[in-house]
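Heavy atoms only: backbone and side chains are in, while hydrogens, waters and symmetry mates are out. Predicted model only: the values in this text are computed from it and were never measured.
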Amino acid sequence: MKQKLLTLATVLALCLSLAGCTISTPDTVGTVGDQEISSGLYLLAQFDAYQQAAQYAGEDQDPSNVKSFLKATITTGDGESVTVSDFVAQTTEEDLRRYVAVENRFAELSGELDAAYVSQADSYTDQLMENYGDLYAANGIGEETIRQYEYNLSKQASLVNLVYGQDGETPLTDDQLTDHLENEMLYLRYVTVPLYNTSTFAFADEDQTAQMLQLAQDAAADSTPDTFDEVVAAALPDIYAVLDVDLSAEDAASQLGSSFLSQDELDSSFSAADAETLRGLAFGDACAVQYSSSSILIAMRMDPLETLTLDTLRSTVLSDLGTSLVEADMDEAGAALTVSLDQSAMDKLPASKIKMSV
């Protein structure tokens with residue numbers, strides 16, 4: 001009898017060591033609201049949450065060492081200190097809540113994705129699979145999951161018009177759009193100066209960057225709304241010359257343009273101090289700041305309604321304001337959903353198994 005028990009234990013141990021006998025990956029991990037969450041969608045949300053956490057890694061932290069990084073503490077953009085594992089769990093749930101909230105709201109409004117949105121989502125899915133397909137596969141995430149997630153993002157974008165557009169459920173008024181345009185959106189007359197030699201691609205060192213930035217700031221300080229183009233164009237050849245680049249007066253003048261700078265771009269491309277400098281510009285004020293790590297931005301804030309009309313800008317303003325409103329709506333709707341995720345199912349899909357490379 002003892003020998004038989006030992007034999008049985010050996011067989012069980014062998015069985016558990018075989019791929020076919022291990023505990024299978026669950027098809028679903030429970031529900032959010034009344035929608036079932038597939039394991040693929042859960043893994044994608046978890047993978048994206050980990051990527052977000054990696055952006056907050058300190059100099060002595062290595063996100064590629066997943067098990068170690070999950071135990072680390074990071075400081076988020078809100079200044080909150082949290083362990084990576086807690087951040088990933090919380091962000092994963094928030095993303096799933098948002099996903100379901102979007103699906104519910106889109107269905108409630110009988111929305112249908114137009115061909116342009118579908119084409120864009122399909123194109124982006126194809127790009128992701130071409131560039132990162134192997135990595136997604138290594139993390140248990142399939143193409144169809146990626147595609148449905150991209151469709152969901154397109155549905156969220158469509159909600160802007162469905163809810164706040166002129167024919168939407170709650171149209172934004174002209175007064176609301178005008179107030180947002182004048183007080184929240186930055187319309188800039190600007191030029192960007194690369195912080196590298198455009199022929200050799202040698203980057204400016206610290207001293208050269210400081211010298212170029214000072215020349216750019218001098219030009220901004222010396223300009224007025226009537227003279228901005230002339231003053232900046234005249235300064236550009238000297239700024240380029242710091243890196244031994246020749247720039248003709250004609251080429252300098254042709255580089256100036258006008259555009260809106262979104263709040264998201266402010267936060268992602270500038271330091272906190274420089275972003276606040278730009279936000280603090282009044283109409284007719286100019287400044288020069290470092291733009292990402294590879295260029296300088298010389299810009300003057302202009303009143304868009306001096307040269308443009310609300311009707312010509314309506315879709316741009318609606319997109320900017322409506323997007324933030326929809327995001328807030330989905331956060332609120334998602335927070336109200338009942339989450340019934342199966343802990344035992346999630347335990348089979350732990351963040352510790354995330355792969356950062358293949």
Side-chain angles (χ1 to χ4, degrees), residues 26-49 52 89-125 128 141-181 184 262-264 313-342 345-346:
D27 292 331
T28 65
V29 295
T31 60
V32 174
D34 59 358
Q35 293 206 29
E36 204 164 47
I37 303 300
S38 69
S39 60
L41 179 59
Y42 176 81
L43 287 169
L44 176 58
Q46 182 175 252
F47 183 74
D48 284 349
Q52 292 180 50
Q90 178 181 341
T91 305
T92 298
E93 182 177 308
E94 289 173 353
D95 194 35
L96 294 175
R97 286 177 179 273
R98 180 208 59 80
Y99 182 97
V100 173
V102 168
E103 293 292 322
N104 290 347
R105 190 73 170 109
F106 194 74
E108 179 185 348
L109 295 172
S110 301
E112 292 185 12
L113 284 179
D114 62 33
Y117 274 121
V118 173
S119 177
Q120 184 181 47
D122 284 338
S123 176
Y124 194 47
T125 299
L128 287 173
I141 303 163
E143 179 176 348
E144 188 57 28
T145 296
I146 300 292
R147 194 173 304 279
Q148 292 304 316
Y149 190 83
E150 290 303 320
Y151 286 162
N152 181 267
L153 293 176
S154 293
K155 290 176 182 179
Q156 179 169 319
S158 296
L159 286 175
V160 172
N161 272 309
L162 287 171
V163 179
Y164 296 110
Q166 286 182 294
D167 299 321
E169 182 184 62
T170 312
L172 292 172
T173 67
D174 284 1
D175 286 344
Q176 289 173 306
L177 294 172
T178 300
D179 179 72
H180 184 76
L181 172 63
E184 299 298 331
S262 71
Q263 298 293 330
D264 285 343
L313 295 172
R314 187 177 299 276
S315 61
T316 300
V317 185
L318 174 63
S319 176
D320 194 73
L321 175 56
T323 296
S324 62
L325 291 174
V326 167
E327 288 175 351
D329 292 344
M330 294 306 96
D331 286 344
E332 182 178 356
L337 294 172
T338 299
V339 175
S340 298
L341 297 179
D342 184 348
M346 292 189 294

The salt bridge (Lys or Arg N to Asp or Glu O under 4.0 Å) partners of Arg147 (sequence neighbours excluded) come to Asp122, Asp126, Glu143
Restricting to non-hydrogen atoms, name the atom on Asp320 and the atom on Ser262 that form the minimum distance, rounded to 0.1 Å. OD1-CB, 4.4 Å
Distance col, row Leu44:CG vs Thr92:OG1, nearest 0.5 angstrom, shows 9.5 Å
Pick one: which of Val160, Asp331, Val102 meets side chain to side chain contact (heavy atoms under 4.5 Å, CB included) with Val326? Val160
Kindly compute the distance separating CG (Leu162) from CD (Glu108), expressed to the nearest 0.5 Å. 11.0 Å
For residues Val32 and Arg97, report the shortest heavy-atom separation together with the two atoms involved. CG1-CA, 4.1 Å
To the nearest 0.5 angstrom, please state how far the OG1 atom of Thr31 sits from the CD1 atom of Ile37. 7.5 Å
For Ala121, is there any backbone N or O sitting under 3.5 Å from a side-chain donor or acceptor partner on Thr125? yes
For Ser123, give me all partners under side chain to side chain donor-acceptor pair (under 3.5 Å), at least two apart in sequence or on another chain. Gln127
Got a second to check how far Leu43's CG is from Ile141's CD1, nearest 0.5 Å? 6.0 Å
Search all heavy atoms of Ala345 against all heavy atoms of Pro26 and return the closest pair with its distance. O-CG, 3.7 Å
Name all residues meeting the side chain to side chain donor-acceptor pair (under 3.5 Å) criterion together with Glu112; count only those two or more places apart in sequence or in a different chain, and write none if there are none. none
May I ask you to test the Val317-Leu172 pair for a side-chain heavy-atom distance under 4.5 Å? no
Applying side chain to side chain donor-acceptor pair (under 3.5 Å), name anything that partners Glu36, two or more places apart in sequence or on another chain. none
If a pair satisfies side-chain hydrogen bond (donor to acceptor under 3.5 Å, both in side chains) and one of its residues is in residues 155-169, list it, with sequence neighbours excluded. Arg98-Gln156, Glu103-Lys155, Arg105-Glu169, Tyr164-Asp329
Would you compute the distance between atom CZ of Phe47 and atom CG of Asp95 and round it to the nearest 0.5 angstrom? 13.5 Å
Provide the closest heavy-atom pair for Arg314 versus Leu177 in the form atom of the first, atom of the second, distance. NH1-CD1, 3.5 Å
Value for CG (Asp179) from OG1 (Thr173), rounded to nearest 0.5 Å, stands at 9.0 Å
Determine yes or no for a side-chain-to-main-chain donor-acceptor pair under 3.5 angstrom, with Ser340 supplying the side chain and Gly30 the backbone. no
If only atom types and distance count, is the side chain of Ser324 paired as donor or acceptor with the main-chain N or O of Leu321 below 3.5 Å? yes
Are Gln148 and Leu41 close enough that some pair of their side-chain heavy atoms sits under 4.5 Å apart? no
For Asp48, the salt bridge (Lys or Arg N to Asp or Glu O under 4.0 Å) test, sequence neighbours excluded, returns none
Ignoring hydrogens, what is the shortest heavy-atom contact between Leu318 and Gly165? Give both atom names and the distance. CD2-CA, 3.9 Å
Are the side chain of Ser119 and the backbone N or O of Ala115 linked by a donor-acceptor pair below 3.5 Å? no
Would a 4.5 Å heavy-atom cut-off, applied to side chains only, mark Leu337 and Leu96 as touching? no
Test side-chain contact (heavy atoms from CB on, under 4.5 Å) applied to Thr28 and Asp342, step by step: CA-CA 9 Å; Thr28 65; Asp342 184 348; over 6 Å; no
Would you check if Asp34 and Asn104 make a side-chain contact, meaning some heavy-atom pair closer than 4.5 Å? yes
